[in-house]
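Note: hydrogens, waters and symmetry copies are ignored here, and every other heavy atom, side chains too, is used. From a predicted model like this one, the values you see are computed outputs, not experimental measurements.
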Amino acid sequence: MGNRQVALGLATAVVGFGGFFAVYSYLVPILTHLTGLSDASTTWVLALYGIGMTLGTLVAGPLTDRALRPTLYGGLFLLGATLLAFYFTVHSTVPALVTLAFMGAMGALVTTPVQMLLMAKAKNAPTMAAASNHSAFNLANAGGAWLGGLAISAGWGWASPALVGATLAAAGLGLALLAGFTDRDTGSSTLITSSPTRTSSEPVPTTSQTQTGGDA
(Lines give C-alpha, C1' and ligand atoms only; values in the text may rest on other atoms or scores of the structure.)
Protein backbone atom coordinates (compact mmCIF):
# COMPACT_ATOMS: atom_id res chain seq x y z
CA MET A 1 0.00 0.00 0.00
CA GLY A 2 3.03 2.26 0.27
CA ASN A 3 3.58 1.99 -3.49
CA ARG A 4 2.45 5.26 -5.08
CA GLN A 5 1.46 3.56 -8.33
CA VAL A 6 -0.73 1.09 -6.47
CA ALA A 7 -2.36 3.91 -4.49
CA LEU A 8 -3.06 5.90 -7.64
CA GLY A 9 -4.41 2.81 -9.37
CA LEU A 10 -6.83 2.16 -6.51
CA ALA A 11 -7.87 5.82 -6.49
CA THR A 12 -8.50 5.60 -10.24
CA ALA A 13 -10.77 2.60 -9.70
CA VAL A 14 -12.71 4.29 -6.89
CA VAL A 15 -13.21 7.64 -8.62
CA GLY A 16 -13.31 6.67 -12.29
CA PHE A 17 -15.55 3.65 -11.97
CA GLY A 18 -17.70 5.55 -9.50
CA GLY A 19 -19.08 7.30 -12.55
CA PHE A 20 -20.36 3.98 -13.88
CA PHE A 21 -22.24 3.24 -10.67
CA ALA A 22 -23.63 6.77 -10.38
CA VAL A 23 -25.89 5.90 -13.33
CA TYR A 24 -26.23 2.14 -12.94
CA SER A 25 -27.58 2.47 -9.39
CA TYR A 26 -30.55 4.51 -10.64
CA LEU A 27 -30.95 2.96 -14.08
CA VAL A 28 -34.45 1.53 -13.59
CA PRO A 29 -36.09 4.75 -12.28
CA ILE A 30 -34.25 6.74 -14.95
CA LEU A 31 -35.65 4.48 -17.69
CA THR A 32 -39.19 4.51 -16.31
CA HIS A 33 -39.38 8.22 -15.50
CA LEU A 34 -37.51 9.70 -18.47
CA THR A 35 -37.31 7.10 -21.26
CA GLY A 36 -40.87 5.96 -20.68
CA LEU A 37 -40.19 2.24 -20.43
CA SER A 38 -42.43 -0.01 -18.35
CA ASP A 39 -41.18 -1.73 -15.22
CA ALA A 40 -41.46 -5.11 -16.95
CA SER A 41 -39.26 -4.09 -19.88
CA THR A 42 -36.38 -2.89 -17.70
CA THR A 43 -35.30 -6.51 -17.19
CA TRP A 44 -34.53 -6.78 -20.90
CA VAL A 45 -32.72 -3.46 -20.82
CA LEU A 46 -30.50 -4.70 -18.01
CA ALA A 47 -29.82 -7.82 -20.09
CA LEU A 48 -28.77 -5.56 -22.97
CA TYR A 49 -26.53 -3.72 -20.54
CA GLY A 50 -24.96 -7.02 -19.54
CA ILE A 51 -24.37 -7.97 -23.18
CA GLY A 52 -22.50 -4.70 -23.62
CA MET A 53 -20.33 -5.50 -20.60
CA THR A 54 -19.58 -8.98 -21.96
CA LEU A 55 -18.53 -7.61 -25.35
CA GLY A 56 -16.42 -4.95 -23.64
CA THR A 57 -14.63 -7.61 -21.60
CA LEU A 58 -13.83 -9.61 -24.73
CA VAL A 59 -12.29 -6.53 -26.33
CA ALA A 60 -10.52 -5.35 -23.16
CA GLY A 61 -8.33 -8.44 -22.82
CA PRO A 62 -6.45 -8.20 -26.14
CA LEU A 63 -6.24 -4.40 -25.92
CA THR A 64 -4.78 -4.57 -22.41
CA ASP A 65 -2.18 -7.08 -23.57
CA ARG A 66 -1.13 -4.77 -26.40
CA ALA A 67 -1.20 -1.41 -24.59
CA LEU A 68 -2.19 -1.40 -20.94
CA ARG A 69 -2.19 2.29 -20.03
CA PRO A 70 -3.61 3.55 -23.35
CA THR A 71 -6.47 1.07 -22.94
CA LEU A 72 -7.16 2.46 -19.48
CA TYR A 73 -7.01 6.05 -20.71
CA GLY A 74 -9.26 5.30 -23.66
CA GLY A 75 -11.72 3.35 -21.53
CA LEU A 76 -12.13 6.16 -19.00
CA PHE A 77 -12.43 8.80 -21.72
CA LEU A 78 -15.06 6.83 -23.63
CA LEU A 79 -16.91 5.99 -20.42
CA GLY A 80 -17.14 9.68 -19.53
CA ALA A 81 -18.21 10.59 -23.07
CA THR A 82 -20.89 7.89 -23.05
CA LEU A 83 -22.24 9.02 -19.69
CA LEU A 84 -22.43 12.57 -20.97
CA ALA A 85 -24.20 11.39 -24.13
CA PHE A 86 -26.70 9.44 -22.03
CA TYR A 87 -27.78 12.70 -20.41
CA PHE A 88 -29.06 13.81 -23.83
CA THR A 89 -30.26 10.47 -25.26
CA VAL A 90 -32.20 9.27 -22.22
CA HIS A 91 -35.46 10.80 -23.46
CA SER A 92 -35.56 8.69 -26.66
CA THR A 93 -35.90 4.92 -26.44
CA VAL A 94 -33.60 3.68 -29.21
CA PRO A 95 -30.74 6.18 -28.64
CA ALA A 96 -30.96 5.53 -24.90
CA LEU A 97 -30.69 1.76 -25.37
CA VAL A 98 -27.75 2.08 -27.74
CA THR A 99 -25.99 4.40 -25.31
CA LEU A 100 -26.63 2.01 -22.43
CA ALA A 101 -25.14 -0.96 -24.29
CA PHE A 102 -22.07 1.12 -25.14
CA MET A 103 -21.86 2.32 -21.53
CA GLY A 104 -21.73 -1.26 -20.31
CA ALA A 105 -18.96 -2.06 -22.79
CA MET A 106 -16.90 0.96 -21.72
CA GLY A 107 -17.32 0.07 -18.07
CA ALA A 108 -15.87 -3.38 -18.76
CA LEU A 109 -13.08 -1.78 -20.79
CA VAL A 110 -11.92 0.02 -17.64
CA THR A 111 -11.90 -2.86 -15.17
CA THR A 112 -9.44 -5.13 -16.98
CA PRO A 113 -6.52 -2.68 -17.39
CA VAL A 114 -6.94 -1.41 -13.82
CA GLN A 115 -6.72 -4.96 -12.50
CA MET A 116 -3.67 -5.83 -14.58
CA LEU A 117 -1.93 -2.55 -13.78
CA LEU A 118 -2.33 -3.03 -10.04
CA MET A 119 -1.09 -6.61 -10.18
CA ALA A 120 1.93 -5.52 -12.20
CA LYS A 121 2.87 -2.64 -9.92
CA ALA A 122 2.38 -4.72 -6.77
CA LYS A 123 4.36 -7.53 -8.37
CA ASN A 124 5.54 -8.97 -5.06
CA ALA A 125 1.95 -9.28 -3.82
CA PRO A 126 -0.30 -9.57 -6.89
CA THR A 127 -3.11 -11.40 -5.11
CA MET A 128 -3.27 -8.69 -2.45
CA ALA A 129 -3.48 -6.09 -5.22
CA ALA A 130 -6.31 -8.00 -6.88
CA ALA A 131 -8.24 -8.21 -3.61
CA SER A 132 -7.67 -4.50 -2.97
CA ASN A 133 -8.98 -3.72 -6.44
CA HIS A 134 -12.26 -5.47 -5.66
CA SER A 135 -12.52 -3.39 -2.49
CA ALA A 136 -11.88 -0.27 -4.57
CA PHE A 137 -14.72 -1.17 -6.93
CA ASN A 138 -17.02 -1.70 -3.93
CA LEU A 139 -16.13 1.80 -2.76
CA ALA A 140 -16.85 3.05 -6.27
CA ASN A 141 -20.23 1.37 -6.09
CA ALA A 142 -21.09 3.04 -2.79
CA GLY A 143 -19.57 6.43 -3.62
CA GLY A 144 -21.03 6.68 -7.11
CA ALA A 145 -24.51 5.76 -5.90
CA TRP A 146 -24.24 8.27 -3.05
CA LEU A 147 -23.18 11.14 -5.28
CA GLY A 148 -25.81 10.28 -7.88
CA GLY A 149 -28.43 10.23 -5.16
CA LEU A 150 -27.29 13.62 -3.89
CA ALA A 151 -27.81 15.08 -7.36
CA ILE A 152 -31.33 13.65 -7.58
CA SER A 153 -32.29 14.76 -4.07
CA ALA A 154 -30.99 18.26 -4.84
CA GLY A 155 -33.67 18.54 -7.49
CA TRP A 156 -31.40 18.32 -10.54
CA GLY A 157 -33.59 15.67 -12.14
CA TRP A 158 -33.37 11.96 -12.87
CA ALA A 159 -30.81 12.49 -15.62
CA SER A 160 -28.38 14.30 -13.32
CA PRO A 161 -26.50 11.12 -12.26
CA ALA A 162 -25.21 10.93 -15.83
CA LEU A 163 -23.49 14.31 -15.40
CA VAL A 164 -22.13 13.18 -12.03
CA GLY A 165 -20.84 10.01 -13.65
CA ALA A 166 -19.17 11.87 -16.50
CA THR A 167 -17.43 14.14 -13.99
CA LEU A 168 -16.18 11.18 -11.96
CA ALA A 169 -14.92 9.41 -15.08
CA ALA A 170 -13.03 12.56 -16.08
CA ALA A 171 -11.52 12.78 -12.60
CA GLY A 172 -10.52 9.12 -12.81
CA LEU A 173 -8.87 9.77 -16.16
CA GLY A 174 -6.91 12.61 -14.55
CA LEU A 175 -5.67 10.25 -11.83
CA ALA A 176 -4.74 7.62 -14.42
CA LEU A 177 -2.77 10.19 -16.44
CA LEU A 178 -1.03 11.40 -13.30
CA ALA A 179 -0.02 7.83 -12.49
CA GLY A 180 1.32 7.35 -16.01
CA PHE A 181 3.30 10.59 -16.04
CA THR A 182 4.87 9.90 -12.63
CA ASP A 183 5.69 6.25 -13.28
CA ARG A 184 9.47 5.93 -13.46
CA ASP A 185 9.59 2.18 -12.91
CA THR A 186 9.44 1.11 -16.54
CA GLY A 187 10.65 -2.38 -15.72
CA SER A 188 7.78 -3.26 -13.41
CA SER A 189 5.28 -4.26 -16.06
CA THR A 190 5.96 -7.99 -15.67
CA LEU A 191 3.25 -9.73 -13.72
CA ILE A 192 4.55 -12.15 -11.11
CA THR A 193 2.08 -14.82 -10.06
CA SER A 194 4.38 -17.39 -8.43
CA SER A 195 7.46 -17.62 -6.25
CA PRO A 196 10.80 -16.80 -7.88
CA THR A 197 12.56 -19.81 -9.37
CA ARG A 198 16.05 -20.85 -8.32
CA THR A 199 18.79 -19.56 -10.58
CA SER A 200 21.49 -21.82 -11.97
CA SER A 201 24.16 -20.00 -9.93
CA GLU A 202 22.50 -20.85 -6.61
CA PRO A 203 23.91 -24.00 -4.95
CA VAL A 204 21.51 -26.87 -4.61
CA PRO A 205 21.64 -28.33 -1.07
CA THR A 206 22.75 -31.92 -0.87
CA THR A 207 20.88 -34.61 1.00
CA SER A 208 23.25 -34.39 3.95
CA GLN A 209 22.91 -30.60 4.09
CA THR A 210 19.16 -30.86 4.02
CA GLN A 211 19.12 -33.44 6.81
CA THR A 212 21.54 -31.35 8.87
CA GLY A 213 19.37 -28.31 8.45
CA GLY A 214 16.34 -30.29 9.54
CA ASP A 215 18.12 -31.63 12.61
CA ALA A 216 19.25 -28.15 13.57
Roughly how far apart are [X] [atom1] and [Y] [atom2], rounded to 0.5 Å?
{"X": "T42", "Y": "Y49", "atom1": "OG1", "atom2": "OH", "result": "14.0 Å"}
{"X": "L76", "Y": "L173", "atom1": "CG", "atom2": "CG", "result": "5.5 Å"}
{"X": "W158", "Y": "T32", "atom1": "CH2", "atom2": "OG1", "result": "7.5 Å"}
{"X": "L72", "Y": "M116", "atom1": "CG", "atom2": "CE", "result": "13.0 Å"}
{"X": "D183", "Y": "L117", "atom1": "CG", "atom2": "CG", "result": "8.0 Å"}
{"X": "L46", "Y": "I51", "atom1": "CG", "atom2": "CD1", "result": "11.5 Å"}

Going hydrophobic residue to hydrophobic residue with side-chain gaps under 4.5 angstrom, can you get from [X] over to [Y]?
{"X": "L63", "Y": "M53", "answer": "yes"}
{"X": "V15", "Y": "V6", "answer": "no"}
{"X": "M106", "Y": "L27", "answer": "yes"}

Could you walk me through whether T99 and T89 pass the side-chain hydrogen bond (donor to acceptor under 3.5 Å, both in side chains) check? CA-CA 7 Å; T99 307; T89 63; 3.1 Å; yes
Sequence neighbours excluded, which residues qualify as side chain to side chain contact (heavy atoms under 4.5 Å, CB included) partners of P70? A67
If you count heavy atoms of other groups shown closer than 6.0 angstrom to CZ of F77, is the number above 12?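 Result for CZ/F77: open.
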Within a 6.0 Å radius of atom OH on Y26, are there more than 12 heavy atoms belonging to other residues, nucleotides or ligands?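 Correct, the count exceeds 12.
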Residue that, paired with V45, satisfies side-chain contact (heavy atoms from CB on, under 4.5 Å) out of L31, T35, V28: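 It is L31, the one option of L31, T35, V28 that forms the side-chain contact (heavy atoms from CB on, under 4.5 Å) with V45.
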Exactly one of V110, L177, L78 should register a side-chain contact (heavy atoms from CB on, under 4.5 Å) with Y73. Which one does? L177
Any [X] side-chain heavy atom under 4.5 Å of [Y] side chain:
{"X": "L8", "Y": "K121", "result": "no"}
{"X": "S132", "Y": "L118", "result": "no"}
{"X": "L48", "Y": "L100", "result": "no"}
{"X": "Q5", "Y": "T182", "result": "yes"}

Donor-acceptor pair, side chain of T112 and main chain of L109, under 3.5 angstrom: no
Whether F17 and F20 hold their rings parallel, tilted or perpendicular, with breakpoints at 30° and 60°: parallel
Kindly determine whether Y24 and F86 satisfy ring pair (Phe, Tyr, Trp, His ring centres under 6.0 Å), including the steps that lead there. CA-CA 12 Å; Y24 184 78; F86 184 63; over 10 Å; no
Residues that R4 engages under salt bridge (Lys or Arg N to Asp or Glu O under 4.0 Å), provided they are two or more places apart: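 So R4 forms no salt bridge (Lys or Arg N to Asp or Glu O under 4.0 Å) with any residue.
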